[in-house]
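As a basis for the values below, the full set of heavy atoms in this structure was taken, side chains included, without hydrogen atoms, waters or symmetry mates.
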Amino acid sequence: MTLIIAGWNVSSSVTDAIKGESEISVYFKEGLTDAEIIELTNLVTNVFGVKSVNLVNEDEAYERMESVLGGDAQVLSFFEENPFDAFLEVGIELSEIDAIVSQINQMEKVDLVRDNKEVLNRLSHMSDVLNLVSYFAIAAVGITTLVILSHIIRQGIYHHREQINTLELLGAPKYFIALPFYIEGIGMTLTGGLLSLILSHFVLSEIYLQVSGPLPFIPLPDQGGVMQNLILMVIGLSLILGYLGSAFGVSSSRGKN
């Protein structure tokens with residue numbers, strides 16, 4: 001369960017970061033003066049859902065393509081002139097992409113809007129599917145933990161039935177008799193949670209090491225923050241599952257008795 005929560009936390013953070021950096025490219029008509037470009041920039045900035053607007057000139061567009069192509073950038077030397085046009089790099093709210101693109105397309109000085117809508121929509125869909133799968137996986141593991149733990153507690157009560165009967169004859173209250181079994185159940189889940197946290201720390205460190213090197217452009221969340229959230233969630237779930245599993249085991253044993 002710990003690894004599921006960790007993967008869900010990291011993937012959700014990455015997806016949210018990519019969504020937060022959603023951008024469209026606005027190409028304006030040729031021959032615009034600097035004043036007209038500034039005017040268009042202001043118009044785009046005022047569109048609802050637009051977070052930022054950055055003018056990328058021809059030279060910067062060329063340098064960006066060189067960076068993307070890497071070792072294959074030599075193919076650009078075959079062009080006698082810079083083949084890239086200046087454009088506006090527009091940061092947007094992903095949920096407002098349709099309205100933003102429609103409104104910008106209606107502007108007189110705009111020639112083309114490249115929105116990468118299909119990619120962004122797929123990203124949003126993947127995020128929703130991942131969240132749903134994570135919820136089901138956590139629920140399945142939680143239910144399995146409750147069933148196994150309650151069975152262990154019932155077996156413990158059965159094996160100590162003679163001591164329990166003796167305590168009842170001596171007038172011991174029910175909560176006093178049940179307390180050791182609650183402590184046992186919570187202790188088991190906490191121990192399992194702590195062991196899984198230790199394992200997850202090494203697994204996450206290895207994942208970050210493998211991903212951050214070859215894929216530095218992926219906005220991974222801070223590993224310390226991920227572990228902090230993971231510790232809080234795992235400890236909290238361990239306490240809850242331990243208590244509920246013990247309670248089910250104790251109550252079912254009383255019913256049989």
Side-chain angles (χ1 to χ4, degrees), residues 1-22 93-95 119-157 159 178-252:
M1 180 185 288
T2 305
L3 292 176
I4 295 173
I5 296 174
W8 173 38
N9 197 331
V10 171
S11 60
S12 296
S13 298
V14 170
T15 303
D16 290 341
I18 294 176
K19 284 183 178 180
E21 298 175 1
S22 300
E93 294 285 350
L94 182 58
S95 59
V119 175
L120 296 175
N121 285 337
R122 285 185 179 180
L123 179 64
S124 179
H125 178 68
M126 287 175 57
S127 175
D128 294 338
V129 171
L130 181 61
N131 288 335
L132 184 62
V133 171
S134 299
Y135 290 142
F136 276 115
I138 292 173
V141 174
I143 292 172
T144 303
T145 302
L146 288 177
V147 171
I148 294 175
L149 183 58
S150 64
H151 177 72
I152 293 174
I153 296 300
R154 284 198 304 271
Q155 290 297 314
I157 293 174
H159 289 302
L179 182 60
F181 298 103
Y182 279 93
I183 295 175
E184 178 186 5
I186 294 174
M188 290 175 62
T189 53
L190 276 178
T191 302
L194 291 175
L195 290 175
S196 65
L197 283 172
I198 295 173
L199 175 63
S200 297
H201 172 71
F202 292 107
V203 173
L204 277 178
S205 298
E206 184 64 22
I207 291 175
Y208 270 69
L209 182 63
Q210 296 296 328
V211 173
S212 60
L215 304 172
F217 54 85
I218 294 181
L220 291 174
D222 177 62
Q223 185 178 352
V226 172
M227 281 303 304
Q228 184 177 0
N229 293 335
L230 194 59
I231 290 172
L232 293 175
M233 293 182 68
V234 170
I235 296 299
L237 284 173
S238 296
L239 291 172
I240 293 172
L241 291 175
Y243 176 81
L244 292 177
S246 301
F248 291 151
V250 171
S251 61
S252 61

From the options I148, I183, T145, I152, select the one residue that forms a side chain to side chain contact (heavy atoms under 4.5 Å, CB included) with M188.
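Only match with M188 under side chain to side chain contact (heavy atoms under 4.5 Å, CB included): I152.
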
Option from N229, L197, L239, L190 for which side chain to side chain contact (heavy atoms under 4.5 Å, CB included) with V234 holds:
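Exactly one option meets the side chain to side chain contact (heavy atoms under 4.5 Å, CB included) with V234, and it is L197.
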
[X] and [Y]: which non-hydrogen atoms are nearest, and at how many Å?
X: L149; Y: L241; value: CD2-O, 3.6 Å
X: S252; Y: G249; value: OG-O, 3.0 Å
X: F181; Y: V250; value: CB-CG2, 4.3 Å
X: G193; Y: S196; value: O-OG, 2.7 Å
X: S246; Y: G185; value: OG-CA, 3.3 Å

Any I235 side-chain heavy atom under 4.5 Å of L194 side chain
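Result yes, sub-4.5 Å side-chain heavy-atom pair found.
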
What is the distance from atom [atom1] of [X] to atom [atom2] of [Y], rounded to the nearest 0.5 Å?
X: I186; Y: T191; atom1: CD1; atom2: OG1; value: 11.5 Å
X: S251; Y: I153; atom1: OG; atom2: CD1; value: 11.0 Å
X: L244; Y: I143; atom1: CG; atom2: CD1; value: 12.0 Å

Using a 3.5 Å distance criterion without hydrogens, assess whether the side chain of T189 forms a donor-acceptor pair with backbone atoms of S238.
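Looks like yes, one N/O pair under 3.5 Å.
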
If you count every heavy atom of other residues, nucleotides or ligands that lies below 6.0 Å from Y243 atom OH, does the total exceed 12?
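Atom OH in Y243 is not packed in, count stays at 12 or less.
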
Got a sec: does the CD of Q155 have more than 12 other heavy atoms crowding it under 6.0 Å?
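Buried by this count: over 12 neighbours within 6.0 Å.
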
